[in-house]
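Here's the structure, in structure tokens; my notes come after.
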Amino acid sequence: MLELFEVTTLAAATFFNVLLGLVVLVKNQSSATNRLFCGLAGVFAAFALVNYISLHPILLSQLEWIRIDISVGVLMFMLTYLTFATFPGRKLSGNKTLRRLVVYGGFPLIAICLSPLVFSRLDVAGGSPQPIPGPGMPIFALYIYGVGIASAITLARKYRRAKGRLRQQLKYIFLGTGSTLISVLIFNFILVQFHITELVTLGALSTLFFTGSFAYAIARHRLLDIRAVVARSVAYVLLLTTFVCVYTAAIFGATALLFEDNGIGALQNAVYVAMAVVLAFTFDPLKRFFEKVTDSIFFRDKYDSQQFLREVGQVLVNEFQLERIMHLTLKKIASTLKLVNSQLYVFDNNRIYKVDHVGKLPHKLITAPHLLELKGNFLVADEMEETKTKALMDEFEFRVAVKLKVKGDTVGYMMLGEKLSGDIYTSQDLEVIDILTKELAVAILNAKAYEEISKFNATLQLKVDDATKQLRDANRRLKDLDKAKDEFISMASHQLRTPLTSIKGYLSMLLEGDAGKVTDLQKEFLGYAYGGSQRMGNLITDLLNVSRMSAGKFMINAAPTDIIAVAADEVEQLQQHAQAKNLRLEFAAPKSLPKLMIDEGKTRQVIMNFIDNAIYYTQQGSVKVSLRQSSGSVELRVVDTGIGVPKDAQAKLFTKFYRAGNAQSVRPDGTGLGLFLAKKVVEDQGGRIIFESKEGGGSTFGFSIPIKKETPNALRKPQPVGISS
Amino acid sequence: MPSENLNPSESRVKTVFLAEDDPFISRMYVTKLESAGYRVVTASNGRDAYEIIKEHEPHLVMLDINMPELTGLEVAQAVTKEGLIEPSKILILTNSANPADRDKTQAMGIEYMVKADLTPRDVLEKINQKISQGSS
């Protein structure tokens, strides 16, 4: 019976150790801790197995099996030390010299163990075999004790510095490994020295301490991140057990109740089939039930990496505002990995540009200089040695720190705190973080660029708005000024006209003899004065017309007008002026002409301007004013023998305020408005200007105005041209 | 009255009313018109102008536009509305440079003339023409 128990326990210990080792290895092959742990579990299993075989030798002699057993023991201590030194890191760590000593010392020792040096022979005393130590025994002992003590010290040191969950895990590792090793040491080594070999089996069995302790630490303290696998395994074991028990009971029960004769009939078969159907249908709900139960026990938090990365990718692709990208990504990470706190720092010129955090704020907030002190691009606190960077991460409560880089430039940092469960980050977590931080860095860079462009656009818009406002203000001021100018001209003209009315009126009355007889000389002088007042009146009218034109108030008041009378009147008005310059002023017109639909006052002004100019710019000779009808229009011409208009000035002659060079020297005070207004008045009445000139060869100014059909006299035949003065 | 003697053909002396706030211009037209045999009644503001037209019922009215109290246009509007005188017997004689004044005047059927463009003789001729139009 004892034999059976021994074998069963041994088989279970071996099986569970191998299973544990494999699960841990499969879970994270890249981690040195996991690989070492797997090796260690395997060696423990091997030790137990070899130990058993050495007591019941097959193939080889008992002495040879014992030698193999102690070789495995050496390997056990070697791996224990390496595991302790590395745990829980992803890379082999610990004191390098010591590690080399352990490894390079261990392998020759294994060779020694396999030789007769450690155990030279086997004596059989009192029914039990007694291995006799050889000269190599002290070396073996030294190695075993040395490595055992070094392992214990390494782990104790780690334990002292560790906090929280890690400390708990270390405790169970220490307990499990330590108790197994000490048992092995006592039962398989020390006691053997004293020739007590009956308890050797206990050493092998003690590997169960290792298995049990680790199993407990995995479930209770989430050791080595294999809860999920263990939880699922437990769920299946429970499921399997339930099925086996319930259905076996059901079948046996049914068979016992229904088929007392124990014969297998058709009905019995039918019942079995029915059972199988029930089994098939209840499998799934039961499986789910156990999964749920085990999930709640093991606090699993599983997520789908692909799904998670897809969701984060969605955020990075769809969002273009920096704040939103930062916050949504961080939120997604924090909720998926179930983090206590997480922060994202975006840098700009080595300074923090924007910060966001999700979850609880750490007790101390990290600053830009601290962040820049972090050495490394992807830092995982649980896998780091005690460096300054690690100290910083511990100080600010970060478990993972990732430098966000794009093409070598640091864009920012993502700092992740502890998980709500207190778990360390799994390799799945770290892989996902590695992928998404690369994408995040690019997205942040783009969002920053977008932000800068937006800011630039806003500034540009402000500048455009400002400039537009200035232009608008300037335009309004100009309009105000223009209006003020027009009002001024209008008012000034009115004010000038009042005294002019008196001057011109009284002068005309004196000339007409209303104040008594005037001598010829007085009449001549008064005539000049009167002519001056007349020109002044015309000047004021010109100014008024120009100001009305710019104010849009220039209007043609057309009425049937006798152009002959108007022209004759103007010629008469200026006759005295021409005589004073010894010029002949002649007027030729047909006896009658059709009445023209024109603005009499303004046309009068045009004719007056033409004749007045002709007199002004002619030193000697004549000014001939003529009217004639020609194919549907009436033409007026003022032909002089004056200075003429230079060719280069002709194009601009009818523009506002323009004056030809030679005209300026003759008459410096001209306004440059007369011809401009003439063109405007003539063209507004549907006519066109007649102009021919040669510098020094006289000029012809005039207009042609169409005869409107509605005028009753329009069809009258042209009369022979006569001369009147 | 010498003016009555100058116009012996007329059985009755025609009365012309002149509203003008500039005393020199007023005197100028009065002299010219009286020498032509008209009786001239004057006023130097709009309100007096209205009262005098109402009292004397002149044959012709000459109104300046820019005057104290009432403008010439307001006076013209009032007297034509009350039937005191025909629009054709009113002359607006002004130096206003506002085209709106011209438009308003012409809309009322009243003739609009710019003083600075005319000599007193031009004005007298216009008055003779208007008065003879009325009596023919």
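In what follows, chains are A, B, ... by sequence order, proteins preceding strands, each numbered from 1. We use all heavy atoms of the structure for the numbers below, so side chains are in, but hydrogens, waters and symmetry mates are not. This is a predicted model, so every value here is computed, not measured.
Within the 4.5 angstrom heavy-atom criterion, atoms from both the backbone and the side chain of Asp117(B) approach chain A. Only the side chain of Arg102(B) comes within contact range of chain A, with heavy atoms under 4.5 Å apart. When heavy atoms are compared at a cutoff of 4.5 Å, Thr541(A) approaches chain B solely by way of its side chain, counted from C-beta outward. Only the side chain of Val114(B) has a heavy atom closer than 4.5 Å to any heavy atom of chain A. For a residue to count as touching a neighbouring chain, one of its non-hydrogen atoms must lie under 4.5 Å from one of that chain's; by this rule Ser508(A) touches chain B with the side chain only. In this structure, chain A has no heavy atom under 4.5 Å from any part of Asp122(B).
Environment of CZ in Arg535(A): crowded, with over 12 heavy atoms of neighbouring residues, nucleotides or ligands closer than 6.0 Å. Counting non-hydrogen atoms of neighbouring residues, nucleotides and ligands closer than 6.0 angstrom, the NZ atom of Lys602(A) exceeds 12 such neighbours. Annotation for Lys483(A): atom NZ does not count as buried by contact number, only 12 or fewer foreign heavy atoms lying within 6.0 Å. In the displayed structure, Arg27(B) atom CZ is contacted under 6.0 Å by at most 12 heavy atoms of other residues, nucleotides or ligands.
Using a 4.5 Å heavy-atom cutoff, the side chains of Thr501(A) and Tyr29(B) are in contact.
Across Ala116(B) and Arg497(A), no two heavy atoms sit closer than the pair CB-CG, 3.6 Å. The two atoms that bring Pro120(B) and Met509(A) nearest to each other are CG-SD, 3.6 Å, heavy atoms only. When all heavy atoms of Tyr506(A) and Met28(B) are compared, the closest pair comes out as OH-N, 3.3 Å.
Looking at Lys115(B), its side chain never comes within 3.5 Å of a backbone N or O of Thr498(A) through a donor-acceptor pair.
In this structure, Thr119(B) OG1 and Gln573(A) CD are separated by 8.0 Å, a value rounded to the nearest 0.5 Å.
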